[in-house]
Protein chains: 2
Amino acid sequence: MNHSLTEENYLKALFHLEKNMGEVSVNELSKNLDIKMPTVTAMMKKLSDKKLVAYQKYKPLKLTDKGRREAGLIIRKHRLTEMFLVEKMKIGWEEVHDIAEQIEHIKSTVLFEKMDELLGFPSIDPHGSPIPDRKGIMNKYSYRKLSDCKSGDRVKLSALINTSNEFLKFLNARFLKLGVKISINHVEPFDGSMNVSYSGRKNELLSHLVCEQILVE
Amino acid sequence: MNHSLTEENYLKALFHLEKNMGEVSVNELSKNLDIKMPTVTAMMKKLSDKKLVAYQKYKPLKLTDKGRREAGLIIRKHRLTEMFLVEKMKIGWEEVHDIAEQIEHIKSTVLFEKMDELLGFPSIDPHGSPIPDRKGIMNKYSYRKLSDCKSGDRVKLSALINTSNEFLKFLNARFLKLGVKISINHVEPFDGSMNVSYSGRKNELLSHLVCEQILVE
DNA sequence: ATAAATTGTTAGATTAGACTAACAAATTTT
DNA sequence: AAAATTTGTTAGTCTAATCTAACAATTTAT
Ligand SMILES: [Mn+2]
Ligand SMILES: [Mn+2]
Ligand SMILES: [Mn+2]
Ligand SMILES: [Mn+2]
């Protein structure tokens with residue numbers, strides 16, 4: 001129940017890869033963390049000793065229930081922090097991830113309980129991602145991609161797949177943020193780009209690549 | 001300009017010992033950090049290479065100006081954090097030190113600038129200790145100890161020498177906090193204990209040991 | 001079914017930060 | 001001044017987390 005910062009980052013990465021890809025290979029985790037494969041193998045054995053990962057040579061990596069719960073709790077701290085930084089400290093949503101990446105490792109129950117309380121027990125972070133509960137359980141959301149919508153649809157921007165600094169700045173420049181109601185005027189059949197309108201902005205053009213990163217309901 | 005958490009803790013400890021004791025020995029620093037002397041010697045050499053400590057074999061340890069500035073900046077982050085946790089997050093002053101001990105190592109300018117701004121650029125932390133400025137310079141305060149006051153004095157509780165969890169809980173139990181106006185009714189010559197009154201509490205008895213930990217003006 | 005490419009493991013080295021044991025210098029006591 | 005004590009340094013070991021090089025297993029392509 002007490003892990004190093006390094007172990008925590010491995011758990012978190014594994015959790016996210018499992019969620020997005022299903023089976024996770026040593027190679028994938030290695031690339032994701034930018035850490036060489038032998039180092040990853042060594043850490044998997046260590047986490048296996050701690051019963052956080054079910055490790056078997058040459059088999060896909062799998063978190064144990066315990067490992068998944070612990071990872072969920074770290075992600076909870078990460079997302080509560082991001083929400084706190086945006087809502088209570090007025091830091092831009094494109095700046096909070098790097099700070100949360102560090103604060104998620106702080107050992108303190110009271111700090112995160114206070115954040116939770118002051119935020120009114122939020123269920124999503126500033127990018128629309130779900131905040132795992134106190135047991136580390138994360139609800140998966142069921143939004144669809146903006147790129148899957150059709151001409152005439154009127155939808156609400158609810159979450160993001162890509163939450164990188166660069167993408168968030170791209171959205172800032174176009175006044176796109178969570179909650180914005182988007183009307184799809186036209187979908188260009190050739191490249192899948194969309195002509196959309198939303199609060200104040202008329203006929204904004206969004207590439208297919210961008211529309212694939214945006215989740216709506 | 002980029003130090004490990006470990007290096008930062010050494011710098012901070014050195015800073016505090018220099019401030020309180022003047023000359024600092026390897027032995028003192030070793031005891032203070034609860035790290036064996038050979039480890040401390042090794043770290044002093046490392047910090048010497050980084051021009052943060054002026055290290056000479058068998059001589060007292062001395063921070064360089066650079067080292068003192070860097071230490072000041074870490075203490076600044078620590079104390080801004082404590083103030084933020086108490087003022088903005090309503091965490092008890094006896095709980096914030098352990099959290100700040102971790103958050104002081106977070107790498108982020110915006111986080112601490114926001115704290116500073118939201119707090120209205122405070123000059124002291126929740127225990128009355130001065131917050132170093134943006135250059136890492138710390139004003140030393142010129143309060144006197146409650147134990148140095150005499151019968152009939154009316155003073156204001158302004159800072160604490162001991163800021164341990166236990167002492168803070170002791171003060172909590174007696175409703176003693178920063179800003180409280182204390183009237184000294186009587187000083188017992190035998191053991192130096194004081195009979196004092198303050199907002200609501202009449203004839204509270206404080207031992208000499210306790211009075212020595214309280215700074216007033 | 002082989003061969004080639006990719007993926008994964010093992011072995012051995014490195015760095016940061018800790019330790020103990022042994023020795024040396026400095027300080028204090030006698 | 002000599003002896004005893006304390007303080008500080010050096011040398012060598014350990015663990016966590018990283019790496020590279022070499023080899024082995026698995027998967028993919030031919
Ligand atoms: Mn994030
Ligand atoms: Mn992290
Ligand atoms: Mn403190
Ligand atoms: Mn610290």
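First the proteins, then the strands, lettered A, B, ... as listed; each starts at 1.
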Specify the separation, in whole Å, of atom CD of A:Gln56 and atom P of D:dT26. 12 Å

Rounded distance (nearest 0.5 Å) linking atom CD1 of B:Ile214 with atom CG of B:Asp148: 12.5 Å

Is the number of heavy atoms from other residues, nucleotides or ligands under 6.0 Å of A:Lys50 NZ greater than 12? yes

Need to verify one output field. Residue with the more 5' nearest nucleotide on DNA chain D, A:Met43 or A:Lys57? A:Met43

What is the distance from NZ of A:Lys59 to P of C:dT9, rounded to the nearest Å? 11 Å

Starting the side chain at C-beta, find the nucleotide from D:dT18, C:dT7, C:dA25 nearest to A:Asn27. C:dT7

Atom CG of A:Asn9 and atom C1' of D:dA16 are separated, to the nearest Å, by 15 Å

Closest of D:dG8, C:dT20, C:dG8 to the B:Met37 side chain is D:dG8

Using whole Å, what does the distance between atom C1' of nucleotide C:dA16 and atom CG of B:Asn2 come to? 15 Å

Rounded distance (Å) that lies between atom C1' of C:dG8 and atom CE of A:Met44: 13 Å

Could you state the CD-C1' distance from A:Glu28 to C:dT6, rounded to the nearest angstrom? 13 Å

Below 4.0 Å: OP1/OP2 of C:dA18 and any side-chain N or O of B:Tyr10: yes

Presence of A:Thr41 side-chain N/O under 4.0 Å of C:dT9 phosphate oxygens OP1/OP2: yes

Would you say C:dG8 has OP1 or OP2 under 4.0 Å from some side-chain N or O of A:Tyr55? no

Just the rounded figure in Å: distance from P of C:dT27 to OH of B:Tyr58. 11 Å

Assign B:Lys45 to base, sugar-phosphate, or nothing according to its heavy-atom contacts below 4.0 angstrom with the strands shown. sugar-phosphate

At 4.0 Å (heavy atoms only), tell me whether A:Ser30 reaches a base, stays on the sugar-phosphate, or touches nothing. nothing

May I have the distance from B:Lys50 (atom NZ) to C:dA16 (atom C1'), rounded to whole angstrom? 11 Å

Nearest to the B:Ile35 side chain among C:dT7, D:dT18, C:dC19, which nucleotide is it? C:dC19

So does A:Glu8 pair up with A:Lys107, basic N to acidic O under 4.0 Å? yes

Looking at B:Glu217, I want to see if its CD is surrounded by more than 12 non-hydrogen atoms of other residues, nucleotides or ligands under 6.0 Å. yes

Heavy atoms under 4.0 Å, any strand shown: does A:Thr39 hit a base, just sugar-phosphate, or nothing? base

B:Pro38, nearest nucleotide to its side chain (from C:dG8, C:dC19, D:dT20): C:dC19

Any side-chain donor-acceptor pair under 3.5 Å between A:Asn27 and A:Ser25? no

